[in-house]
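Structure first, then comments.
Note: hydrogens, waters and symmetry copies are ignored here, and every other heavy atom, side chains too, is used. In what follows, every chain begins at residue 1, and chains take the letters A, B, ... in the order their sequences are listed.
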Amino acid sequence: MRLVAIGLVAGLFSALFGVGGGILAVPLLVLVARFGEREATATSLAAIGITALAGVIVFGARGEVNVAYAALVGLPAAAGALAGSSLQQRVTTSTLTYGFALLLVVVGVLLLAS
Amino acid sequence: MSATTIAFAITLGLAAGVLAGMFGVGGGILFVPTLVALGLGQLEAQATSLLAILPTVTAGAWSQRRYGHLRARSALVVGIASIAGVEVGARIATSVPESSLRVLFAVLLFGVAAHLVWRTRRRQRARYPESS
């Protein structure tokens, strides 16, 4: 039930404010569902994949997805994600949490500025 | 497209991926502005970002699975519930006063950040009481 609520909240806020679901799913998984930090980030990634796939199908059917541009940024990003998750295993949980808190603050500031 | 533009897109794509793999986010926060800078419209950039997110999170989740951190069944539940959340959000997005909600949401994010920091510091103190 908690996981359903986390998914609903993450999806709702991402649609309302144009932020990714992960920025909410990760802290909710840690604080509400008591996941470890690394488990929360891993599980968030897979959950985002499911939600994004649904979005790609809907927007793709309307012809709004530019496949070439998606590949141009998405394929380097896949390599980056391998590097990022490997890097994550080398930092302490505290460092990871502080980094994530910083990311939250940056996203909050960007929201205020937009 | 010039070589500079391609280099710019690849660099920001890489950065978005590192952010995604490290922090469990999709990378859309960097994809969307990058795609807009490349000349896509806002809506097209957001739709295209969703496709760019797929290889990113697939690589990240696959890698994390090898480290034993992925909880696949939970991800399935969160992901499917999130689709429902997006659906509801998209319906009410037009009927809410956006700017005031935006400020509230930003404050909420600051609150979550502060709570995470406080929680981590408390844990560290519990573990190393003499060093604080």
Side-chain angles (χ1 to χ4, degrees), chain A residues 3-4 6-8 10-12 15-17 20-23 25-27 38-52 54-56 59 64-66 69-70 72-85 87-89 94 97 100-101 103-105 107-108 111-112, chain B residues 9-10 13-14 16-18 20-29 31 34-35 38 40 43-44 47-48 50-61 63-64 67 69-71 74-75 77-79 81-86 88-90 93 102 105-106 109-110 112-113 116-117 120 124:
Chain A
L3 293 174
V4 172
I6 289 170
L8 275 171
L12 183 70
L16 281 178
F17 301 105
I23 201 80
V26 172
R38 282 172 240 272
E39 284 183 321
T41 62
T43 305
S44 164
L45 284 178
I48 291 169
I50 294 166
T51 315
V56 166
F59 289 111
E64 280 154 358
V65 175
N66 186 318
Y69 278 71
L72 184 62
V73 292
L75 294 180
L82 295 178
S85 58
L87 189 66
Q88 193 207 69
Q89 315 308 316
S94 322
T97 309
F100 192 85
L103 182 66
L104 277 168
V105 170
V107 173
L111 267 171
L112 290 177
Chain B
I10 290 174
L14 259 174
V18 171
M22 184 86 182
F23 296 120
V25 297
I29 190 165
F31 287 147
T34 304
L35 291 165
L38 290 176
L40 297 191
L43 184 66
E44 203 188 356
T48 302
L50 289 175
L51 181 56
I53 282 170
L54 287 184
T56 313
V57 297
T58 303
S63 162
Q64 285 282 19
Y67 295 117
H69 297 312
L70 178 64
R71 290 168 68 167
S74 302
V77 174
V78 174
S82 178
I83 298 173
V86 170
V88 174
R102 208 167 256 275
F105 185 58
L109 291 182
F110 295 147
V112 173
L116 283 173
V117 169
T120 305
Q124 282 177 318

Quiz item: Under the side-chain contact (heavy atoms from CB on, under 4.5 Å) test, which residues partner B:Thr48, sequence neighbours left out?
Solution: A:Asn66, A:Tyr69, A:Ala70, B:Leu35, B:Leu40, B:Glu44
Self-check item: Pairing residues for B:Ala113 by the side-chain contact (heavy atoms from CB on, under 4.5 Å) criterion, not counting sequence neighbours
Solution: A:Ala101, A:Leu104, A:Val105
Who wins among [options] for the most heavy-atom pairs under 4.5 Å with chain B?
| options | result |
| --- | --- |
| A:Leu103, A:Thr41, A:Leu87, A:Val4 | A:Thr41 |
| A:Gly22, A:Ala79, A:Gly21, A:Ala83 | A:Gly22 |
| A:Ala15, A:Pro76, A:Gly74 | A:Pro76 |
| A:Leu72, A:Ile6, A:Ile23 | A:Leu72 |

Do you know which of [options] has the most heavy-atom pairs with chain A at a distance under 4.5 angstrom?
| options | answer |
| --- | --- |
| B:Val78, B:Leu43, B:Val112, B:Val117 | B:Val78 |
| B:Ala75, B:Ala106, B:Ser74 | B:Ala75 |
| B:Ala9, B:Ala20, B:Gly28, B:Gly21 | B:Gly21 |
| B:Leu38, B:Thr34, B:Ile53, B:Val88 | B:Leu38 |

Quiz item: Does a donor on one side chain and an acceptor on the other come within less than 3.5 Å for A:Gln88 and B:His69?
Solution: no
Self-check item: Polar side chain donor-acceptor pair, A:Glu39 to B:Gln64, under 3.5 angstrom
Solution: no
Quiz prompt | Part of A:Leu3 lying under 4.5 Å from any heavy atom of chain B | solution = both
Using only atom types and a distance under 3.5 Å, with no angle test, would you say the side chain of [X] pairs donor to acceptor with the backbone of [Y]?
| X | Y | answer |
| --- | --- | --- |
| A:Thr43 | A:Ala40 | no |
| B:Thr120 | B:Leu116 | yes |
| A:Ser44 | B:Gly24 | yes |

Quiz item: Between B:Pro55 and A:Ala78, which heavy-atom pair has the shortest distance, and what is it?
Solution: O-CB, 3.6 Å
Exercise. Please report the closest heavy-atom contact between B:Gly26 and A:Ile48, naming both atoms and the distance.
Key: N-CD1, 3.5 Å
With a 4.5 angstrom heavy-atom cut-off, could you sort out which part of [X] is near chain A: side chain, backbone, both or neither?
| X | result |
| --- | --- |
| B:Phe23 | both |
| B:Thr58 | neither |
| B:Ile29 | side chain |
| B:Leu54 | side chain |
| B:Ile83 | both |

